[in-house]
Protein chains: 2
Amino acid sequence: MIKLKSDEIKEAALKYFTIHGYEGASLSQIAEEVGMKKQSIYGHFKGKDDLFLQVLRDAKETELSSKLQYFSEVDSLTPEKDLYGFLNLVIDLFQKNEQLKFWLRISFFPPAHLEKSIEKEVVDIEEKVQAILENKFQEWIDAQLIVGDAAKTPTYAFLGVVDSIMLELVYGNDEHRLIEKLEASWTVFWRGISLH
Amino acid sequence: MIKLKSDEIKEAALKYFTIHGYEGASLSQIAEEVGMKKQSIYGHFKGKDDLFLQVLRDAKETELSSKLQYFSEVDSLTPEKDLYGFLNLVIDLFQKNEQLKFWLRISFFPPAHLEKSIEKEVVDIEEKVQAILENKFQEWIDAQLIVGDAAKTPTYAFLGVVDSIMLELVYGNDEHRLIEKLEASWTVFWRGISLH
DNA sequence: AGATAACTGACGAACGTTCGTTAAATAATG
DNA sequence: CATTATTTAACGAACGTTCGTCAGTTATCT
């Protein structure tokens with residue numbers, strides 16, 4: 001199984017966009033990474049923006065599918081296990097998948113001239129994840145497995161926990177601290193929505 | 001009260017660094033904002049890095065002093081009011097103070113060649129805020145006003161809530177959503193640490 | 001007159017991009 | 001099979017621009 005040159009380029013671009021951002025990443029560096037000159041990139045992509053947007057869409061797909069897949073697999077009524085498992089999934093994905101790091105950086109600090117189109121993709125993903133999460137919480141509420149808030153309350157709170165974990169990941173210089181923050185946030189969150 | 005030209009430059013630089021990041025901000029744009037040529041900036045700063053680092057240190061001071069001041073003023077034993085007030089302070093500061101936005105962006109995505117020195121400043125601030133917060137929680141725990149965890153647990157969990165709120169702020173295209181996330185996170189968090 | 005501050009001019013380097021060319025791989029033709 | 005013709009991919013060279021930076025000059029004000 002050989003890998004396409006355009007995929008190699010996207011791979012290198014992903015790396016540099018993630019580390020240096022859109023403006024900080026240069027085509028010559030990306031080209032050098034795959035062993036060619038920057039002009040050759042134009043044989044595969046229309047330009048820097050095109051390359052960037054293709055990397056963006058790949059990352060979006062990865063992010064979306066991996067998250068949706070998780071919740072399609074857990075259909076049991078065990079919120080404690082499912083939610084904690086999701087947090088660990090996020091950590092796992094983030095650490096071994098460059099695309100999630102890219103996605104996080106670009107969704108919060110997009111290049112100004114592409115802001116509008118990026119925002120659309122981000123909102124799109126966000127709504128889908130939120131919707132499926134809200135459904136799950138509603139099921140658990142109906143089954144009286146967690147406290148009877150409006151479903152939006154635990155949904156937003158949980159998304160907040162996910163965000164804070166992701167921030168700790170991107171900051172990412174202290175694995176031990178990450179674990180501690182995860183445990184702390186999870187402990188308090190779960191106590192905040194569980195019946196006891 | 002006249003304002004120094006160098007402060008005007010720093011003000012403009014803060015704006016462009018915040019919006020476009022280090023690499024995306026150009027000296028000519030910054031100079032134009034204050035009505036001068038980019039070469040004239042060198043009469044006030046040694047170069048781009050110097051300007052950036054001075055902006056960084058100003059932002060650090062603002063961030064640190066405003067947060068520390070808040071907790072020095074609330075010495076009462078009313079965790080619910082104090083913590084919720086802190087979240088609103090963060091929102092308030094963020095919305096009217098460009099320096100906090102700058103600080104957030106740069107602390108998570110610093111320019112690569114200044115990463116080390118920036119990280120030192122970030123860790124410095126983080127430790128101080130965490131320390132003072134941990135002390136407060138310890139007091140409340142001792143006074144049996146909140147649940148008797150290790151003080152680190154509510155501290156980390158609360159810092160997580162702060163982070164998630166800040167992320168929503170930087171994402172910042174929906175004021176209504178921000179309020180909802182704040183209320184949801186706060187509701188669950190408080191229920192997670194309060195005695196009931 | 002002396003000092004301060006902004007100016008003009010110019011620098012090398014890097015940027016993203018386009019052009020025309022060359023070499024290799026593939027398809028079409030005898 | 002051998003020989004053209006066609007497409008593909010990477011190339012060097014150069015484009016115009018912008019970048020950050022340095023030096024020298026002019027204007028402003030005590």
Side-chain angles (χ1 to χ4, degrees), chain A residues 1-57 102 105-106 109-118, chain B residues 1-57 102 105-106 109-118:
Chain A
M1 184 59 186
I2 60 132
K3 88 168 76 173
L4 293 177
K5 209 80 196 178
S6 59
D7 285 341
E8 277 189 64
I9 296 173
K10 285 199 281 187
E11 207 170 307
L14 173 71
K15 173 179 163 186
Y16 278 93
F17 283 139
T18 302
I19 299 177
H20 299 104
Y22 178 89
E23 292 91 352
S26 81
L27 293 184
S28 47
Q29 284 178 323
I30 294 170
E32 196 181 11
E33 179 102 355
V34 298
M36 59 199 263
K37 300 296 175 182
K38 60 175 175 176
Q39 309 93 293
S40 307
I41 293 180
Y42 287 79
H44 301 270
F45 302 92
K46 282 196 259 186
K48 194 182 187 182
D49 282 2
D50 183 36
L51 172 57
F52 178 83
L53 289 173
Q54 289 205 33
V55 171
L56 180 80
R57 269 156 208 147
F102 169 86
R105 169 163 200 164
I106 262 52
F109 302 111
H113 72 291
L114 298 175
E115 194 178 356
K116 279 279 161 248
S117 61
I118 292 175
Chain B
M1 185 57 187
I2 61 131
K3 87 167 77 174
L4 292 178
K5 208 78 194 180
S6 61
D7 284 341
E8 276 189 66
I9 297 173
K10 284 199 281 187
E11 206 172 308
L14 174 70
K15 173 179 163 186
Y16 278 92
F17 283 140
T18 302
I19 299 177
H20 299 104
Y22 178 90
E23 292 91 352
S26 81
L27 293 184
S28 47
Q29 286 177 324
I30 294 171
E32 196 181 11
E33 179 102 354
V34 299
M36 58 199 251
K37 302 292 175 183
K38 63 171 176 176
Q39 300 96 318
S40 306
I41 293 180
Y42 285 78
H44 301 270
F45 302 93
K46 283 196 262 185
K48 194 181 187 182
D49 281 3
D50 182 36
L51 173 57
F52 178 83
L53 289 173
Q54 289 206 31
V55 171
L56 179 82
R57 269 156 207 148
F102 170 85
R105 171 163 198 163
I106 262 51
F109 302 111
H113 72 292
L114 297 176
E115 194 178 355
K116 279 279 162 247
S117 60
I118 292 176

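All figures in this text were calculated on a predicted structure; none of them were measured in a lab. Because only heavy atoms are used, hydrogens play no part in the values below, and waters and symmetry mates are left out as well, while side chains stay in.
- Spacing between atom CG of Leu4(A) and atom P of dA9(D) amounts to 9 Å, rounded to whole angstrom units.
- Atom CZ in Phe45(B) sits about 12 Å away from atom P in dA5(C), given to the nearest Å.
- Taking atom NE2 of His20(B) as the reference point, atom P of dC19(D) lies 11 Å away to the nearest angstrom.
- Among dT17(C), dA10(D), dG20(D), the nucleotide with an atom closest to any side-chain atom of Leu27(A) is dT17(C).
- Atom CE in Met36(B) sits about 16 Å away from atom P in dT4(C), given to the nearest Å.
- Across every non-hydrogen atom of Ile30(B) and Ile9(B), the tightest pair is CG2-O, 3.9 Å.
- Heavy atoms of Gly43(B) sit nowhere under 4.0 angstrom from any nucleic acid atom.
- As a whole-Å value, the separation of Tyr42(B) OH from dG20(D) P is 7 Å.
- Side-chain nitrogen and oxygen atoms of Ser26(B) include none within less than 4.0 Å of the OP1 or OP2 phosphate oxygen of dT18(D).
- The phosphate of dC7(C) has OP1 or OP2 within less than 4.0 Å of a side-chain N or O from Ser40(B).
- The closest side-chain donor-acceptor pair between Tyr22(A) and Asp49(A) falls under 3.5 angstrom.
- Between Ser28(A) and the phosphate of dC15(C), there is a side-chain N or O to OP1/OP2 separation shorter than 4.0 Å.
- You won't find any donor-acceptor pair under 3.5 Å spanning the side chain of Lys37(A) and the base of dG12(D), going by distance alone.
- Within the 4.0 angstrom heavy-atom criterion, only backbone atoms of the sugar-phosphate kind lie near Ala25(B); the bases stay farther away.
- No N or O donor and acceptor, one from the side chain of Gln39(B) and one from the base of dG20(D), sit under 3.5 Å apart.
- What separates CZ of Phe52(B) from P of dG20(D) is a distance of 13 Å, to the nearest Å.
- Of the possible polar contacts, none joining the Lys38(B) side chain to the Ser26(B) backbone as a donor-acceptor pair under 3.5 Å is found.
- In this structure, the ring of Phe52(B) has its center less than 6.0 angstrom from the ring center of Phe102(B).
- In this structure, CZ in Arg57(A) is found 9.5 Å from CD1 in Ile118(A), a value given to the nearest 0.5 Å.
- If you measure from atom CD1 of Ile30(A) to atom P of dA14(C), you get 16 Å, rounded to the nearest angstrom.
- Within the 4.0 Å cut-off from OP1 or OP2 of dT8(D), not a single side-chain nitrogen or oxygen of His44(A) is found.
- Both Lys38(A) and Asp49(B) lie near DNA chain D, and the one whose nearest nucleotide falls closer to the 5' end is Lys38(A).
- In this structure, Lys46(A) places its NZ atom 16 Å from C1' of dT18(C), rounding to the nearest Å.
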